[in-house]
Amino acid sequence: MSRTLFKVPTRETGIDADKSVLDKIAKRKKSTSVVTGTPSTISGKIALARKLIESKLGHLRDKFVSITDEQQLIDYIDKAIQNGKCAIDTETASLDTIDGHIAGVCLYTKGMKPAYIPCGHISPMTLVRLKTQLDYDVITRELQRAEDNCVKWLLHNAKFDMHVCYWYLNVLISPFWDTNIAGNLLNENEPHSLKVLWNKYCKEDDDDAQAVKFNTLFEKGIDFRMIPLDLAYLYAAFDALMTWELYEFQEPFLTENNPVCIDMGLTRVSKLWHNIELPEITTVFDMEREGTCIDTKYAKELHDKYTKELTSAEKVVHLEISKVQHKIDRLAVDKPKMYSKLSNPINIGSPTQLAILLYDVLGLTSNDKNSPRGTGEEIILAMNHPIAKAIIAYRKVSKLLSTYIDAIPQQISKRTGKLHASFNQYGAKTGRFSSSDPNLQNIPSKNHDIRKMFIVPEGYVMVGSDYSQQEPRCLAYMSGDESLLDAYRTGKDLYALIASTLYKVPYDECLEFRPDGTKNEEGKKRRNSVKPVVLGIMYGRGSASIAEQMGVSKKEAERVIADFFKHYPKVAQFVMDTQQKARDYGFVETAMGRKRRLPDMQLDEIELTPQITASSNNFNPLFDDEEDDDDVDMNFVPDDIYYKYAAKMRKAWGRKQKDVVKQEALQEGYAIKDNGGKIADAERQCVNSVIQGSSADITKHAMNQLHRDEELKSLGYKLIITVHDEVIGMCPYENRHAVAKRVQQVMVSAAQQIIDVPMKCDVEISYKWYGEEVA
DNA sequence: ACTTGGGGCGCC
DNA sequence: AAAGGGCGCCCCAAGT
């Protein structure tokens, strides 16, 4: 692998260390810890950590090792190379992998003691780096030697440690396994922290080794570099051991020809793991490492502009409030409790205060039965009160300012001057990415102001590429509906085609533009009105909701939906089959075989629990003694009773009627737990998981292909952002045309390696996100 | 002082 | 009768 390293990073000596640490020292004189018993001084926290570590991990003192001798490390790496595998984990001062500090590296390979190699530890008193640790250069050299000798690195949450090794030790790690992501593939419905997984799947002895969470040993915000070396290794080395053991547990499940894998029906999942998710780790790591440029000067201008807007929006609201000051005064007398919750001036950002203002002061009513005191946009605007628009305007500006304009520049790395957001590869249970710190997947798109903050370096252009109708194409493929597939194969506009069949109007009359290029408002209307139907089916929406989206009556929507299913019968079949599969097996699968387990699909409609109360019909004083419990199944429910109430609950419409049935059952001595809601939720998730998850399969595969494409590599193309059906990269200005062409080819071919439907991909070249196109 | 849950809202 | 899939972040209010 010929990935270029940057120049040797500057390393902290520790002397100029964290301002936050100094702050804490300064603060400690002021703070009192008497009340809570929680130590607030550094030395107090360390003393507590010592006590806890010694009691919980003291027995590991001789089983683990702290490496501070060069030859010892060389021997360790020799063994790792000999074994061909090594678990690695890193400890850091904070969760910041770029502007923070490393504390040490944990290693484990079979035949050796789990090891901690401290390197960034400092004296809590003087903040000077401890001299008893190996030099950074030695650790870098040895890790690089292992990497060069193709050691298969086992990690948990690999991307984090890859960043740490890269930014603080200048070593690029090639991950061989990630127990976090693998864990998600094996069961997305469980917590995936290393300790929890290890305790659940690997711990052999209840009393002996017990994985202890960081938070239980260390006070919040403690800098691991200050933990003394004789303690640090007891906690840290365990992580590498746990990662190794968890890998050994997971490996058979995700190895294609292993009987365990076959028996568990994980063959396709294992392929997904090796062919997409595992390579994706490096793809995403490199993407995050590259980061995004932010136009900070422009951000400042935006700050000024929107701050002014916020102030004026606030004024408008308060002007409206001042008009009803007399009513507020009256509230002080009528409902003092309510009044006391109001600040002066009223905080528009507080839902509580806003609700009091709208419902108690102004006496307005909500149009939403489900939230009688709601303050959401729809409810407020429906009130038709002059204050409504002002509140919404204030909210809009406030959101933009606090979530984007002000927050994003703050997260720019001091070290690189770029924004290095996180892209969480298994952020969603469907397999989709999520993004955080900051979330680059919810940057406003209609308002171009914010997106224009995202720029590229001098001499570069931004290359945005997005799949056109990715999810509907997945629906066409997964359902195998010929009419739907035909629409894409003949290159027709899907929505126009659907509108044409549903409204029995010629196809050409359902397009936004006529052949001569002029706008056809009627056509646009028809086309847009069927979008909610397709989307609704993919989201598992009901007819009422679709009707609202379409702007027609519920009846009309039902007719259109029924018509849709009539014309696209395999879509209807697909929805039913998908749900039935989930009921039978407890999961659904994407195009690549990614699983979404939906255990709620296998719930009984209702659960009956016998109520042993004096008033109930089945009360029997003889069974009231606890000794009798052994022989009697206290939860026994006759079948006929179950079916009787299941049927009654099914027929009962609305909460009121259901409550009546529940009361009736209670009289007969049974408490009903209604699972109807959970099952309905799961039913909606079935189809959506398949479509959303298959789309994720495609985008992830495309990202890997783009990342590894030799032509794109030589053209200097780099990924920087992904937003579900969209991949954003950059390249040198002069290569823009070649890159655009190639990106499109790769995106389309990647999709077609997964779904057999023609795919369309639009590529745009610009200098900034949503900037004007560059020719 | 810090965490948690809810409301609200930005995106696909 | 009502029925919206998947996220993360902001703020507030209440709980520890």
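Owing to the predicted nature of the structure, the values given are computational and were not obtained by experimental measurement. Quick note on labels: first sequence line is chain A, next is B, and so on, each numbered from 1.
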Just call it for [X]: base, sugar-phosphate, or nothing, with non-hydrogen atoms closer than 4.0 Å on any strand.
X	answer
A:Gln692	base
A:Ala544	base
A:Gly677	nothing
A:Arg596	sugar-phosphate
A:Glu471	nothing
A:Ser695	nothing
A:Lys446	sugar-phosphate

Pick the C1' atom in B:dC9 and in C:dG4, then give their distance to the nearest Å.
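After rounding to an integer number of Å, I get 15 Å for this pair.
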Could you state the atom-to-atom distance from [atom1] of [X] to [atom2] of [N] in whole Å?
X	N	atom1	atom2	value
A:Lys658	C:dA1	NZ	C1'	10 Å
A:Glu548	C:dA3	CD	P	8 Å
A:Lys554	C:dA3	NZ	P	10 Å
A:Gln470	C:dG6	CD	P	17 Å

With rounding to the nearest 0.5 Å, note down the distance linking CD in A:Gln469 to OH in A:Tyr488.
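Atom-to-atom, A:Gln469:CD and A:Tyr488:OH are 4.0 Å apart.
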Other residues, nucleotides and ligands only: do more than 12 of their heavy atoms fall within 6.0 Å of CD on A:Glu556?
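Above 12, so yes.
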When every nucleotide of nucleotides 8-15 of chain C is labelled 5' to 3' by its protein contacts under 4.0 Å (heavy atoms), B for base, S for sugar-phosphate only, - for none, what sequence of letters results?
BSSSSSS-
Outermost DNA chain B nucleotides near chain A [under 4.0 Å, heavy atoms]
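Under 4.0 Å from chain A, the extent on DNA chain B is B:dT3 to B:dC12.
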Taking both distances under 3.5 Å as the test for a Watson-Crick or G-U pair, what stems of at least three pairs does DNA chain C have?
B:1-12 with C:5-16
Return the orientation label for the A:Phe224 and A:Phe214 ring planes: parallel under 30°, perpendicular over 60°, tilted otherwise.
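Correct class here is tilted.
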Any Lys/Arg nitrogen of A:Arg373 or A:Asp360 sitting under 4.0 Å from an Asp/Glu carboxylate oxygen of the other?
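Judged by the 4.0 Å cut-off on N to carboxylate O distance, A:Arg373 and A:Asp360 do form a salt bridge.
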Do we count A:Tyr539 as stacking onto C:dG5 if the rule is ring centres under 5.5 Å and planes under 30°?
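Here the ring of A:Tyr539 and the base of C:dG5 are stacked, with centres under 5.5 Å and planes under 30°.
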OP1 or OP2 of C:dA3 sitting under 4.0 Å from any side-chain N/O of A:Arg541?
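For C:dA3, neither OP1 nor OP2 has a side-chain N or O of A:Arg541 closer than 4.0 Å.
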Geometric cation-pi criterion, A:Lys700 with A:Phe433: 6.0 Å, 45°
yes
Keeping the roles fixed (side chain from A:Arg596, backbone from A:Cys686), state whether a donor-acceptor pair exists under 3.5 Å.
no
